[in-house]
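We're numbering straight along the sequence, starting at 1.
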Amino acid sequence: QASCLPCIPGRFYDEQRFRTMCEACVTGKFSNKTNLKSCFDCPQGFYQNEKGQTLCIPCFPGEFGNETGLAKCHKCDIGRVTQEKALTECSLCLPGKSTERKGSEKCISCSAGRFSNHTGGRCENCAKGQYRASTKETNEKNDKYIISLTTCDTCPAGMYQNSEGQAWCLPCVPGRFNDERGIGTQCKVCPRGSFSNKTELKSCFDCPEGYNQKDKGSVRCDLCDLGKFSNMPGSCTNCPPGTYQDSRGQPEPFSTPPT
C-alpha cells in the first residue's frame with residue numbers, strides 16, 4: 001500500500017506493539033475519532049461493557065458511576081436511589097422510607113409492621129410487643145404521618161404481640177388478661193378464684209359470693225355445691241358444725257335448728 005489506513009472510531013493504534021492492525025478499545029473505554037493512539041476512559045456516570053465502541057452508555061436510574069473507565073455501573077445500596085441517568089452518586093431515602101433491593105430508582109414507604117428511623121436506612125421489623133399499621137402514601141409533609149413511619153407503636157394493655165414485624169396487636173382471649181403495655185408474649189392466665197369472659201381485658205373478675213373457680217385461665221365461675229358456701233371471692237368453704245346449706249351458690253350457711 002502507498003499509504004497507511006487510519007484507525008476508525010472504536011479502535012486505536014498501539015505504537016509500542018507495532019501492530020499491523022488497529023486494536024479495539026477495551027471495555028470501559030471508547031474512541032470517537034480516527035487516528036487515535038489511545039482510547040478515552042468513560043467519564044463518571046457512564047460505562048461501556050463491550051469492546052471497540054465509539055461512545056459510552058449512561059448509568060441507568062438505580063445505578064451510579066463515581067469512577068472513570070467503568071465497564072459496569074454500580075447499583076445503589078438499599079436505602080439509596082438514583083432517579084435519573086448518568087449520575088455519579090445515589091441519594092439517601094428519608095426516614096420512614098427505603099428500598100426493597102439494591103439498584104432501586106424510587107424510595108418507598110416502609111410497609112405495615114416495619115419502620116425506618118434514619119436517613120438511608122433499611123426498613124426494620126417492629127419488635128415483639130409493638131406494631132405499626134400505617135401504609136398510606138398521603139400527606140407526607142404532615143409530621144404525624146412521618147412519625148408513624150419512623151417508629152412503631154406499643155401494644156396497649158389487654159393486648160399483646162409475640163411476633164416481629166406485625167401491623168396490629170392481638171387481643172387477650174377469654175381466660176387471660178394483660179395489665180401491662182408492650183407485652184411480647186402471650187397474655188397472663190387468670191388466677192384461681194377469678195375469670196374473664198371477654199377479650200382485651202386488663203384484669204380478671206373475682207368470682208362473686210357463692211361461686212368459686214379452682215382452675216387457672218377460666219372463663220366462668222362455678223356454683224358452690226350443697227353443704228358449702230362462699231362469702232369471699234373465689235373459694236367455697238364447707239359448712240362448719242351446727243350449720244348447713246341445702247342450696248347451691250349461697251354466700252352463707254344456715255344454722256341447724258334445735259331438735
Side-chain angles (χ1 to χ4, degrees), residues 62 75-81 90-208 212-222 233-234:
K75 290 183 180 295
C76 294
D77 285 334
I78 291 178
R80 298 168 181 255
V81 295
C90 302
S91 302
L92 299 175
C93 293
L94 294 174
K97 293 193 171 190
S98 189
T99 58
E100 294 180 344
R101 63 184 183 279
K102 288 186 175 183
S104 295
E105 56 188 89
K106 183 181 179 182
C107 297
I108 57 174
S109 297
C110 295
S111 59
R114 295 167 69 81
F115 74 103
S116 169
N117 58 7
H118 59 278
T119 349
R122 294 172 177 258
C123 290
E124 306 287 346
N125 283 336
C126 293
K128 293 178 180 181
Q130 297 182 334
Y131 74 102
R132 194 186 71 74
S134 176
T135 56
K136 295 181 180 178
E137 288 276 3
T138 57
N139 196 16
E140 295 186 14
K141 294 183 179 180
N142 185 309
D143 290 340
K144 291 183 179 179
Y145 173 67
I146 295 296
I147 290 173
S148 75
L149 292 175
T150 58
T151 59
C152 297
D153 296 313
T154 301
C155 290
M159 305 189 80
Y160 76 102
Q161 182 50 261
N162 58 353
S163 298
E164 296 180 354
Q166 299 302 307
W168 56 79
C169 297
L170 303 173
C172 294
V173 297
R176 291 176 176 263
F177 75 103
N178 178 21
D179 55 356
E180 300 178 62
R181 299 176 70 247
I183 291 297
T185 57
Q186 286 278 353
C187 296
K188 303 170 186 176
V189 175
C190 289
R192 293 183 180 91
S194 67
F195 73 102
S196 75
N197 57 358
K198 299 179 182 179
T199 59
E200 300 182 32
L201 287 184
K202 301 174 185 178
S203 62
C204 299
F205 305 114
D206 288 333
C207 291
N212 81 323
Q213 182 49 257
K214 295 180 290 184
D215 297 324
K216 295 179 179 180
S218 295
V219 297
R220 68 178 187 277
C221 295
D222 301 320

Non-hydrogen side-chain atoms of Pro95 and Thr119 separated by less than 4.5 Å
yes

Can you find a heavy atom in the side chain of Lys106 that is under 4.5 Å from one in the side chain of Val81?
no

With sequence neighbours excluded, residues passing side chain to side chain donor-acceptor pair (under 3.5 Å) with Asn125
Arg114

With sequence neighbours left out, what residues match Tyr160 under ring-ring contact (aromatic ring centres under 6.0 Å, His included)?
none

State which residues pass ring-ring contact (aromatic ring centres under 6.0 Å, His included) with Tyr131; sequence neighbours excluded, sorted by chain then number.
none

A side-chain contact here means heavy atoms from C-beta on lying under 4.5 Å apart; do Ile78 and Ser98 qualify?
yes

Which heavy-atom pair separates Ala112 from Ala133 by the least distance, and what is that distance?
CB-O, 3.9 Å

Straight-line distance of Ser194 OG to Asn212 CG, nearest 0.5 Å:
11.5 Å

Gln213 side chain vs Asp215 backbone, donor-acceptor pair below 3.5 Å:
yes

Taking atom CG of Leu201 and atom CG of Asp179, what is their separation to the nearest 0.5 Å?
11.5 Å

Can you check side chain to side chain contact (heavy atoms under 4.5 Å, CB included) on Gln186 and Asn162, steps first, answer last?
CA-CA 7 Å; Gln186 286 278 353; Asn162 58 353; 3.9 Å; yes

Quick one: do Lys214 and Asp222 make a salt bridge, cutoff under 4.0 Å?
no

Look at the side chain of Gln130 and the backbone N and O of Gly182, then say whether any donor-acceptor pair between them is shorter than 3.5 Å.
no

Check: residues 171-178 side-chain donor-acceptor pairs under 3.5 Å, at least two apart:
unit_1 : atom_1 : unit_2 : atom_2 : d
Arg176 : NH1    : Cys187 : O      : 2.6
Asn178 : OD1    : Glu180 : N      : 3.0
Asn178 : ND2    : Met159 : O      : 2.7
Asn178 : ND2    : Glu180 : O      : 3.0

Across all chains, not counting sequence neighbours, the salt bridge (charged side-chain N to carboxylate O under 4.0 Å, His left out) partners of Lys102 are Asp77

In Å and rounded to the nearest 0.5 Å, what is the OG to CZ distance from Ser196 to Phe205?
7.5 Å

Evaluate Arg132 against Cys110 for side chain to side chain contact (heavy atoms under 4.5 Å, CB included), listing each step before the verdict.
CA-CA 10 Å; Arg132 194 186 71 74; Cys110 295; 4.1 Å; yes

Side chain to side chain donor-acceptor pair (under 3.5 Å) partners for Lys128, two or more places apart
none

Are Cys169 and Pro156 close enough that some pair of their side-chain heavy atoms sits under 4.5 Å apart?
yes

State, with a plain yes or no, whether a side-chain heavy atom of Thr99 is found less than 4.5 Å away from one of Cys93.
yes

Leu170 vs Gln161 side-chain heavy atoms within contact, under 4.5 Å:
yes

